[in-house]
2 protein chains.
Amino acid sequence: MRVKLSDVARDAGVSAATVSRAIAQPELLSSETLARVRASAQRLGYLPDGAARALASGRSMTIGAIVPTLDSAIFARALQAMQATLAQSGYLLLVASHEASPAAETQAVRALLGRGVDGLMLVGAERAPETTALLRASGLPVVLTWCGDGHFTAVTIDNAMAGRLAAEHLISLGHRRIGMIVGHLQFNDRQRARLAGARLALEEAGLSLPDPLVVEQSLTLAGGRAGCAMLLDLDDRPTALIGGIDLFAIGCLEEAHARGMAVPDDLSVVGIDGLDMSAHVSPGLTTVHVPTGRIGNLAAQTLIAMVAHRPVQQETLLPVELVVRRSSQAHIAL
Amino acid sequence: MRVKLSDVARDAGVSAATVSRAIAQPELLSSETLARVRASAQRLGYLPDGAARALASGRSMTIGAIVPTLDSAIFARALQAMQATLAQSGYLLLVASHEASPAAETQAVRALLGRGVDGLMLVGAERAPETTALLRASGLPVVLTWCGDGHFTAVTIDNAMAGRLAAEHLISLGHRRIGMIVGHLQFNDRQRARLAGARLALEEAGLSLPDPLVVEQSLTLAGGRAGCAMLLDLDDRPTALIGGIDLFAIGCLEEAHARGMAVPDDLSVVGIDGLDMSAHVSPGLTTVHVPTGRIGNLAAQTLIAMVAHRPVQQETLLPVELVVRRSSQAHIAL
DNA sequence: ACGTTTGCTGAAAGCGCTTTCATAAGAAGA
DNA sequence: TCTTCTTATGAAAGCGCTTTCAGCAAACGT
């Protein structure tokens with residue numbers, strides 16, 4: 001049915017080994033043999049069988065990625081960047097998502113490991129012990145992203161610093177009562193770290209971020225609006241809000257607008273992520289920029305290097321940076 | 001090194017065939033044999049080798065998807081939906097993107113075909129003839145999305161109708177001069193169809209959508225803003241704008257706001273897509289809703305059915321629907 | 001009681017490729 | 001000229017699984 005390597009070999013009048021080499025190590029062949037094989041392959045429309053190659057060589061030229069969800073601007077961008085980088089080296093991306101379920105993540109790891117991926121990208125450092133055991137036992141190159149665990153190779157950002165920068169910015173603006181909307185903290189070490197960073201900054205300034213001023217929401221714009229609504233309905237409402245992700249902050253902008261409150265006059269808002277969109281909303285969103293695309297690029301590069309047994313940096317910490325726009329301003333105490 | 005099927009077989013005191021059956025067709029085994037094999041597999045931490053399974057069985061339990069980019073709310077959502085549906089049947093998603101390059105798409109198809117995917121999802125009906133030839137020659141289940149070509153199985157929406165609904169809505173509101181921002185039309189049949197639909201509706205109403213009122217932009221919020229700026233800078237500026245994607249329309253909202261123009265008082269704006277975000281921006285965006293997630297779900301279901309040789313509908317046309325919000329209102333002629 | 005079916009299991013032949021090892025033919029050195 | 005390297009190629013042994021095809025019991029039918 002399908003053209004196989006032996007067909008090409010017969011057509012070109014060479015052995016199967018030679019055809020195989022024409023694909024993988026062309027420099028070993030004489031130029032005329034190579035040309036002949038290539039011509040045959042071309043003419044017959046030969047496409048190597050990946051499964052057979054993977055079985056025989058032990059490499060699948062496939063990298064796995066497991067993210068909470070693809071349906072997020074953040075992970076989508078990181079994966080797009082990964083995919084683009086991987087493609088340049090002939091790798092393909094096998095993706096799975098776990099929707100914030102550790103058990104689903106374990107399943108996904110198992111599925112990807114079974115598919116013979118050459119390396120694996122995961123988000124965050126927190127996971128079921130079983131998953132970690134699986135990963136270690138596999139001996140496969142693994143790169144953690146956003147958060148590292150000190151053991152696996154990682155491409156990270158300082159989430160706590162991101163939270164801190166957001167908080168310190170507001171503190172320096174004179175805000176004393178600050179609220180924060182975060183994603184569900186369970187199985188989300190990025191959000192926990194951002195919250196912890198903000199809280200610490202507040203405490204160092206002699207302020208605090210008490211539980212009533214922190215609301216957990218699902219990671220959507222609607223979640224941001226709802227969280228904002230809860231915070232603004234408090235008796236002693238905050239004068240400034242931090243969104244654990246930009247989407248939350250944008251939700252705050254919308255909710256404030258819907259209530260007839262002016263941002264930044266009546267409420268300051270700061271996000272964390274640095275979505276493209278954040279520069280374009282009104283007012284422009286002050287945010288802590290995270291190099292999402294670079295996380296993806298570097299994760300891919302690191303994985304490729306590890307597969308090739310090249311030395312890699314154990315943990316690459318990418319910088320986050322406060323970008324001040326219109327959504328935050330000095331708080332005038334009454 | 002790694003535990004293999006024969007290790008499990010030896011440990012359980014059965015043949016390799018029996019272990020294989022324990023995985024793929026457990027109903028063929030006596031319950032005690034099955035239990036014994038499972039216990040051994042569990043204890044040894046056996047994970048089947050996907051490459052070997054794929055080679056021996058001819059099925060990889062992997063579905064390929066090639067999209068223009070992952071970094072788009074639309075495709076990200078569709079892929080997330082696909083992935084979720086596929087995962088339920090034990091399939092994994094192998095993704096590639098082509099960034100609006102037909103040649104890159106061909107490459108991607110080749111790469112995925114080579115990886116032995118069991119089926120392939122593609123976006124749109126327009127592609128290099130070589131790609132189509134490759135697809136046909138492979139004989140693999142293929143599902144086109146958003147647009148069909150009358151040959152391959154497809155899960156589509158009526159893009160022309162979407163454009164028409166947007167235009168007719170504005171016409172009915174009394175707008176006579178309407179502009180449209182579309183993505184680069186080359187290699188994007190979805191945008192072409194939406195434009196054509198809008199144009200036709202206008203012409204049927206005795207109006208027109210002349211070239212100067214159509215601007216092509218890259219598919220980002222910034223593109224939408226830029227397109228809006230161009231249209232508003234026209235001598236005879238339009239009173240209403242259609243965004244070929246919601247992101248464009250949201251860009252229009254921002255640009256209008258930045259210019260001190262009120263939407264919908266000074267300008268009506270309608271999008272196409274129905275992003276979650278569109279319901280939350282201010283003013284709420286009138287848009288033609290597209291069931292993006294369902295496209296992904298159905299593409300996955302269709303592919304799974306095709307792999308199993310179950311009959312499938314040749315083309316599934318999903319409905320689009322106008323959702324009227326605050327961004328559009330009647331035009332008062334001066 | 002004797003063929004016949006049914007249920008469960010094993011032997012073994014691949015699936016299409018990679019890769020080691022061996023070999024043959026030149027090139028180079030002595 | 002004869003040995004010693006190189007260089008280019010082929011033969012063949014798998015990679016770890018699936019899947020006929022057989023075989024052997026036990027259960028069935030008459």
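Residue numbering restarts at 1 for every chain, and letters A, B, ... go by the order of the sequence lines. Not measured: the values here are computed from a predicted model.
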Mind checking whether P68(A) and R190(A) have side chains closer than 4.5 Å, heavy atoms only?
yes
What ring-ring contact (aromatic ring centres under 6.0 Å, His included) pairs are there with at least one residue in residues 2-32 of chain B, not counting sequence neighbours?
none
Taking the side chain from R115(A) and the backbone from G50(B), do they hold a donor-acceptor pair closer than 3.5 Å?
no
Between L113(B) and L120(B), is there a side-chain heavy-atom distance shorter than 4.5 Å?
yes
Interface limits on DNA chain C, where chain B has a heavy atom under 4.0 Å of a nucleotide atom
dC8(C) to dG16(C)
W146(A) side chain reached by L318(A) side chain, heavy atoms, under 4.5 Å:
no
Answer yes when R10(B) and D7(B) have at least one side-chain N-carboxylate O distance shorter than 4.0 Å, and no when they do not.
yes
cation_pi(R59(B), Y91(B)) dist<6.0 Å, angle<=45
no
Residues from residues 10-18 of chain B lying under 4.0 Å of DNA chain D - heavy atoms
A17(B)
Given DNA chain C, 5'-ward residue of the pair I23(A) and R36(B), judged by closest heavy atom
R36(B)
Walking DNA chain D from its 5' end, the first of K4(B) and E27(A) to be reached, judged by nearest nucleotide, is E27(A)
Quantify the bending of the helix from dA1(C)-dT30(D) to dA30(C)-dT1(D) as the angle between its end axes, each fitted on five pairs, to 10°.
30°
Do H184(A) and Q191(A) have side-chain heavy atoms sitting under 4.5 Å apart?
no
Salt bridge (Lys or Arg N to Asp or Glu O under 4.0 Å) against R127(A), all qualifying residues, sequence neighbours excluded:
E105(A)
Donor-acceptor pair between E130(A) and T106(A) side chains, under 3.5 angstrom:
no
Gap between atoms CZ and P, on R21(A) and dT9(D) respectively (whole Å):
9 Å
Member of Q80(A), R77(A), Q83(A) meeting the side chain to side chain donor-acceptor pair (under 3.5 Å) criterion with D71(B):
R77(A)
Are side-chain N/O atoms of E315(B) and T156(B) paired as donor and acceptor at under 3.5 Å?
yes
Is the backbone of I63(B) close enough, under 3.5 Å, to the side chain of D118(B) for a donor and an acceptor to pair up by distance?
no
Selection: residues 46-56 of chain A, any non-hydrogen atom under 4.0 Å of DNA chain D:
L55(A), A56(A)
